[in-house]
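Counting from 1, the numbers follow the sequence of the chain as shown.
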Amino acid sequence: MAGLASEICNHIASIFSKPTTHPPALDLMVAELASIASQNGCVFLYGVGREGLMLKALCMRLAHLGLAVHFVFDMTTPPITSKDLLIASAGSGGFSTVDAICSVAKSHGGRVLLLTAQPETGSSVKYADAVAYVAAQTMADDGEGGGGGGEKSRTLLPMGSVYEGAMFVLFEMVVYKLGEVLGESPEAIRARHTNLE
């Protein structure tokens, strides 16, 4: 079991050492979030499927850091304004709902930070003020896991699992670094955790 876990963790860790001409996603996200926090703006998050689940986890941690955060489509989500930030994910480059949400955010003056593995070609990129490039396999480049000859092999991390795992790790790094920037103590973070469980 430990060997399999190590193999998965090493595969995800390798995503963060790939050479790129894009600014590091960690630095970009921390800077964007720190800027919004300093202006007392709101942070909105949106993604579909498992990408959305990773963003919900980030939403919770940002709330623990004291930011005003909302996941799009929650019942209490307020309107976005020009002092706010939308963080959206389109790992494979674009989804119709992500495109629509980003378009609405832009039309109301909100800033858009897009997470994607397709920073050059995705349909959602045109709405982004900033693009956090996560150099991981998604459904767009998964193929069918086959070699030659029509025989399919089973991959360890299929479909978008590498991208989604990289999102989780990236977000944990973001929360750690952002906590430092904002001067948040572990006690203050813990005090914001829900007690209605």
Side-chain angles (χ1 to χ4, degrees), residues 20-134 163 166-168 170-184 188-189 191-194:
T20 177
T21 58
H22 297 276
L26 174 60
D27 298 344
L28 181 65
M29 290 189 71
V30 170
E32 291 283 338
L33 287 162
S35 175
I36 292 298
S38 71
Q39 299 169 49
N40 293 317
C42 290
V43 180
F44 297 84
L45 299 106
Y46 183 72
V48 300
R50 287 164 44 114
E51 292 178 31
L53 294 176
M54 297 302 105
L55 283 162
K56 285 183 177 183
L58 176 61
C59 188
M60 183 182 205
R61 286 291 183 244
L62 293 178
H64 294 159
L65 285 174
L67 279 73
V69 299
H70 307 278
F71 197 82
V72 175
F73 295 133
D74 281 350
M75 297 300 280
T76 56
T77 304
I80 193 167
T81 71
S82 59
K83 65 177 189 172
D84 301 329
L85 173 68
L86 169 68
I87 299 176
S89 178
S92 59
F95 299 103
S96 59
T97 52
V98 174
D99 290 1
I101 295 296
C102 290
S103 176
V104 170
K106 291 295 290 181
S107 71
H108 289 277
R111 187 164 173 79
V112 174
L113 168 61
L114 180 73
L115 291 138
T116 186
Q118 303 291 333
E120 318 298 341
T121 59
S123 63
S124 298
V125 173
K126 66 185 172 196
Y127 303 104
D129 296 294
V131 176
Y133 175 45
V134 181
Y163 180 80
M167 287 176 75
F168 175 77
L170 171 62
F171 295 164
E172 290 301 309
M173 293 188 289
V174 166
V175 168
Y176 178 76
K177 291 289 188 183
L178 186 61
E180 284 184 338
V181 170
L182 300 178
E184 290 292 325
I189 294 168
R192 293 189 191 102
H193 193 281
T194 184

Distance (rounded to the nearest 0.5 Å) between Leu65 CG and Leu33 CG:
9.0 Å

Non-neighbouring partners of Thr194 that pass side chain to side chain contact (heavy atoms under 4.5 Å, CB included), sequence neighbours left out
Leu196, Glu197

Inter-residue atom distance Ile87.CD1 - Met29.CE, 0.5 Å rounding:
4.5 Å

Closest heavy-atom pair and its distance - Ala166, Val134
CB-CG1, 3.8 Å

With sequence neighbours excluded, tell me which residues meet side chain to side chain donor-acceptor pair (under 3.5 Å) with Ser35.
Gln39

List for me each residue that meets side chain to side chain contact (heavy atoms under 4.5 Å, CB included) alongside Ala117, sequence neighbours excluded, and say none if there are none.
Thr138, Tyr163

Can you see which heavy atom on Val181 is nearest to which on Ala34, and at what distance?
CG1-CB, 4.0 Å

Sequence neighbours excluded, every pair satisfying ring-ring contact (aromatic ring centres under 6.0 Å, His included) that has a member inside residues 32-53
Phe44-His70, Tyr46-Phe73

When rounded to the nearest 0.5 Å, the distance separating CG of Leu115 from OG of Ser124 is 11.0 Å

Residue list, side chain to side chain donor-acceptor pair (under 3.5 Å) with His64, at least two apart or on another chain
Arg61

At their closest point, which heavy atom of Val131 faces which heavy atom of Pro119, and how far apart are they?
CG1-CB, 3.9 Å

Rounded to the nearest 0.5 Å, the CZ atom of Phe171 sits from the CG atom of Leu62 at a distance of 9.0 Å

Give the minimum heavy-atom separation between Ala105 and Ile80, together with the two atoms involved.
CB-CD1, 3.8 Å

Under the side-chain contact (heavy atoms from CB on, under 4.5 Å) rule, what do Val175 and Ile189 come out as? Steps first, then yes or no, please.
CA-CA 11 Å; Val175 168; Ile189 294 168; 6.0 Å; no

Scan residues 174-183 for pairs that pass salt bridge (charged side-chain N to carboxylate O under 4.0 Å, His left out), counting only residues two or more places apart or in two chains.
none

Could you list all the salt bridge (charged side-chain N to carboxylate O under 4.0 Å, His left out) pairs where at least one residue sits in residues 63-86, not counting sequence neighbours?
none

Rounded to the nearest 0.5 Å, how far does CG of Leu45 lie from CG of Leu113?
9.5 Å

If you take all heavy atoms of Leu170 and Ala25, which pair is closest and at what distance?
CD2-CB, 4.0 Å

Can you confirm whether Phe168 is buried at CZ, in the sense that more than 12 heavy atoms of other residues, nucleotides or ligands lie under 6.0 Å from that atom?
no

Checking Cys102 now: which residues fulfil side chain to side chain contact (heavy atoms under 4.5 Å, CB included) with it, not counting sequence neighbours?
Leu86, Ala88, Val98, Val112, Tyr127

Enumerate the residue pairs fulfilling salt bridge (charged side-chain N to carboxylate O under 4.0 Å, His left out) with a member in residues 35-59, sequence neighbours excluded, ordered by first and then second residue.
Arg50-Glu164

With sequence neighbours excluded, give me every salt bridge (charged side-chain N to carboxylate O under 4.0 Å, His left out) pair touching residues 96-121.
Glu32-Arg111, Lys106-Asp129

Mind checking what makes side chain to side chain donor-acceptor pair (under 3.5 Å) contact with Glu184, not counting sequence neighbours?
Arg192

Check the pair Met167, Ser89 against side-chain contact (heavy atoms from CB on, under 4.5 Å), reporting the backbone distance first and the verdict last.
CA-CA 9 Å; Met167 287 176 75; Ser89 178; 3.7 Å; yes

With sequence neighbours left out, write down each residue that passes ring-ring contact (aromatic ring centres under 6.0 Å, His included) with Tyr133, or none if nothing qualifies.
His22

What's the separation between atom CE in Met173 and atom CG in Asp27, rounded to the nearest 0.5 Å?
10.0 Å

